[in-house]
Every structure is written in structure tokens, then in C-alpha cells.
Amino acid sequence: MFCGDVHLGRRPSGLPLDLKEQSGLSARDLGPKAALERAVAEACRERVDAFVFAGDVVQQENSVFEAFGALSRCIEPLARAAIRIFGVAGNHDVETLPRLASSFPQFQLLGAKGRWEDCVLQGRSGPRIALRGWSFPAQHVSESPFTHPRPDAPEDVCAVLGVVHGDLDDARSRYAPLRRRDLEADSIVKGWFLGHIHKPSLDASAQRPIGYLGSLSALDRTETGRHGPWIVAVENSGALSIEQRALAPLAFEDVSFDVSDWTDGAAFEQALRAKYAAVREARASGANSARAVGFNVSLYGATPAFKALRAKLAEFDEGRLLSAEFDGLLCFVADIDDRTHEPVDLMRLALSTDPAGLLARRLLALQDESSLLAQELIGRALESIEASAPRREFLGALGPPLWSDTQVRSRLLRAGWRALEKLEATREGRPA
């Protein structure tokens, strides 16, 4: 079993402020420790041969005491089940993980001090395989781990599986930049299981899989989709069979609603209830086992019920996130991206030469993804964001770049509609 970034010591964000009062759940119940305990229980049920961490097991140095207790409680059942434990150090736990590993004889750190290392593993009833790993020797590593020599192919093994923490196809990264072609060229290795980026990208159907395991559980609302450990079975032929288990206690989903046919503000809650029911059904079918699911809600379109809808949305600020509980499953709204507006004839408005007309032309361009003007506006906005935002390395390994073209376009549309509302209100003598 392979586990991506765990980040023991980190608390998940984006949860309702009154989570405990609404559900009896705490942030700890939905955090990395709970996710790790679930993965360990699954490993014992499946009687896997090895439990492998792909780095960033611990969030940071001051989390060492919490991590020690959590690892101790997880290593004991694995050891009793004769499951060997391996791991590589990432940029967050470059010092902490080696210290923790030295405290547990059952835990074997692979590739200490930036030197590639192989370890041969004999399965209970399967073939002999080797794990090949590399650990961060320092918090920042600007050169590829592949600049260091790797061992020759181990004898009498049917497969070598690689595990490493680093930035794939980002040559400028300070977090062990990896080139996909280097991973592909290492024909000895049947599959590469990567840590560092929190969005899973491993293709379980690939003949030689190369990709990120993702964070073990969602840590904030940007980490949407399935999260959990990966079970890898190796056949005598060396072929791999891979399956992700969606065991994360906390999940986030992106949900979009077109409000064009909504007639009143109550339609918002009705749409949410329908989504809650769908999540509950998916959980009952075994598609996920999350204890809480947060929705990143995106609303778009024009509706005559715009004012009633806006009044309803005003109830859902950070302190009053909507929550509902079904059969022990908590569903809540983590974020609302409101791109709704009153019905406006932009084409007619765009013919005018006043500021409202100029703004209408910008909105029309942004609604057309192929528009050259839209691409120019998005590019200028990204330049402004990059100039004013902290550099990514100071934020740590939080996943992909914080702003995509799609996100910027969405924000520009929202800001544009809000500005148009104020212009129109001013022109008509209404409160803006």
C-alpha cells in the first residue's frame, strides 16, 4: 500500500466554524491522523506486504510530538500484522522523518541523505519485488534526484517500484525537480509513485504508471476529488494492478448550478438538498467513506430572482456555512463563487460609449473563451497576481499553481458583473 502526503500536525481548513456543535465532529476527526488510521486499518484488513510513505508524513518540525504518537499507534498494528513499513523524506519532514524512523525499528527510511536505495521485499504468497527510494537531504533541492547514481537492477526480482518526493516537469522548482522522460527512461522501474503534489494524477490503467499519489486526505477546499491510499498488486509476470481506496474522512467537491430557471431564493437550498442526497447515495454504495463533504459552489447565469437569491446567499458568510447531516455524514458549503446577475442585454449595452458600455464589451469578451481580448485580460490579471502574491516556495507544497486561467476568468467575470451592477444603480439613482 502506498500513501501520499499525510502532513501529520496540520489541521484541515475550510470547515464550518460551528462544526462541533452541528455534528459532534472535530477538525481532528477529519484530519491527517484520522486518515492515516483508516489507511492502516485497511492495510491490515487486506494483509498487504508493505506500507510505503511517499514523503511529507509530517507537516513541520514543531509537529514531531504529535507525529510520534500518531505513528506509534499506526506502526504497532502494522508490525503485529507482519507488514513492513517504508518511507522517503520530503521537503516538509527532511529532518523529522529520519529522526522518527530511527525511533521505530519497524520503519525503514529509503534513500537517506539523497542517495538512491533499493530494498528487496518478499511477498507472503507473491513474487519478490524491490522498492527504490530517494529522500530529501535538505529542505530545498534544486537538482534532479536523477543526477545521483542509482543501484543496478536487484537480482531475482520480478519488479522494481520507485517512490520519490518531488516536482514533476518543473525544472525551476526547489523541490527536487523530476523530468518525466527520466522516469520513463529508467526501464528497470515498473512504476513510479510520487509525493509532493496533493492532487492525485496516477493512472491506474497505465502499463508503467507514473504519477502523484495525492494527499492522503483533503487538507483544504482546493483538494477536491478522491483521496486515499493506493493498493498495488504485483503479478509473477511483473504486471501491476493498482486501485485507489477513497478512505479520506474529509472530501471537497466542486458543484456548479445554472440559476437561469430559478424563480426564487429557495431554489438554492433545493439544489443543495439534491446534491446532499446524491452524496449520501454514493456513500451508501461504497463509492466513498468520507465523514464530511464540503461543496465549493459555483453559481452562474442570469435570473429574474436575482435579488431574492442575493439575499439568500448573504446568509452564508464564513460564520454561517450551511450544513446538513444525513446518517452520520456531514455535508456543508465550504465556498460560494457567485457569478449570477440580473438579466441584462449586454449586446445593447455594449453599443454605448460610457463606462457601462466599455464594461459590457469586456464581459462579452470574457464569456467567449476563444476571444483574444479575454486572453489579454486574463494574462494581465495573472501578471498582477504574480507580482503581488508570495512566491510559491514560501507557501510550501500545496499542489498546483494557486491560480489557473479558468479561475482568473471566473473572478474577472464576477468582478465585472458587480461593477456593472453598481454603475447601473448609480445611473438609476439606486443604492449601489
Side-chain angles (χ1 to χ4, degrees), residues 11-31 198-199 215 217-227 246 248-284 287-303 305-341 398-399 402 404 406-407 410-411 413-415 417-418:
R11 300 289 181 270
S13 62
L15 301 175
L17 296 180
D18 53 352
L19 173 69
K20 188 75 173 178
E21 291 76 10
Q22 293 188 61
S23 65
L25 296 174
S26 68
R28 287 179 178 270
D29 296 323
L30 304 176
H198 291 183
K199 182 178 178 60
S215 51
S217 185
L219 296 170
D220 61 52
R221 65 179 183 82
T222 67
E223 298 184 13
T224 55
R226 290 170 63 91
H227 289 268
L250 173 64
F252 289 93
E253 292 188 18
D254 291 333
V255 182
S256 294
F257 297 123
D258 183 351
V259 305
S260 301
D261 59 351
W262 289 7
T263 58
D264 54 47
F268 176 55
E269 291 193 34
Q270 293 168 3
L272 285 176
R273 289 194 190 100
K275 184 60 185 174
Y276 290 159
V279 170
R280 180 177 55 173
E281 291 176 7
R283 187 173 186 260
N288 70 69
S289 58
R291 301 186 68 184
V293 178
F295 299 133
N296 300 318
V297 179
S298 176
L299 303 171
Y300 64 93
T303 174
F306 171 75
K307 291 181 180 178
L309 176 60
R310 183 59 56 78
K312 177 63 66 174
L313 296 181
E315 301 175 8
F316 302 108
D317 57 18
E318 285 189 10
R320 297 182 59 190
L321 296 179
L322 178 66
S323 299
E325 193 172 3
F326 294 114
D327 303 332
L329 171 66
L330 178 73
C331 294
F332 62 94
V333 174
D335 181 64
I336 298 178
D337 178 14
D338 177 18
R339 289 179 283 130
T340 62
H341 54 87
L398 300 182
L402 299 179
S404 66
T406 300
Q407 290 172 316
S410 173
R411 299 305 191 272
L413 280 167
R414 182 170 61 181
W417 279 111
R418 295 295 171 269

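On a predicted model such as this, the values are computed, not experimentally measured, just so you know.
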Starting at CZ of R11, measure out to OG of S26 and round the result to the nearest 0.5 Å.
8.5 Å

Work out which heavy atom in G265 is nearest to a heavy atom in A308; give both atom names and the distance.
N-CB, 3.8 Å

Sub-4.5 Å side-chain heavy-atom contact between H198 and D220:
no

Answer yes if the side chains of D337 and S410 hold a donor-acceptor pair under 3.5 Å, and no otherwise.
yes

Heavy atoms, side chains only, cut-off 4.5 Å: are F306 and V259 in contact?
no

Does some side-chain heavy atom of K307 sit less than 4.5 Å from a side-chain heavy atom of R310?
no

Quick check: do Y300 and D258 have side-chain heavy atoms less than 4.5 Å from each other?
yes

E253 vs V279 side-chain heavy atoms within contact, under 4.5 Å
yes

Closest contact, heavy atoms only, P249 versus G31
CG-O, 4.1 Å

Kindly indicate whether the side chain of L25, heavy atoms from C-beta on, has any atom under 4.5 Å from the side chain of L15.
no

Nearest heavy-atom approach of T303 to W262 is OG1-O, 2.8 Å

Taking every non-hydrogen atom, the tightest pair across R339 and S298:
NH2-OG, 2.6 Å

Distance in Å, R418 CZ paired with L413 CG, rounded so as to fall on 0.5 Å steps
11.0 Å

Heavy-atom check, side chain of D335 versus side chain of F252, under 4.5 Å
no

Closest heavy-atom contact between L30 and S217?
O-OG, 4.1 Å

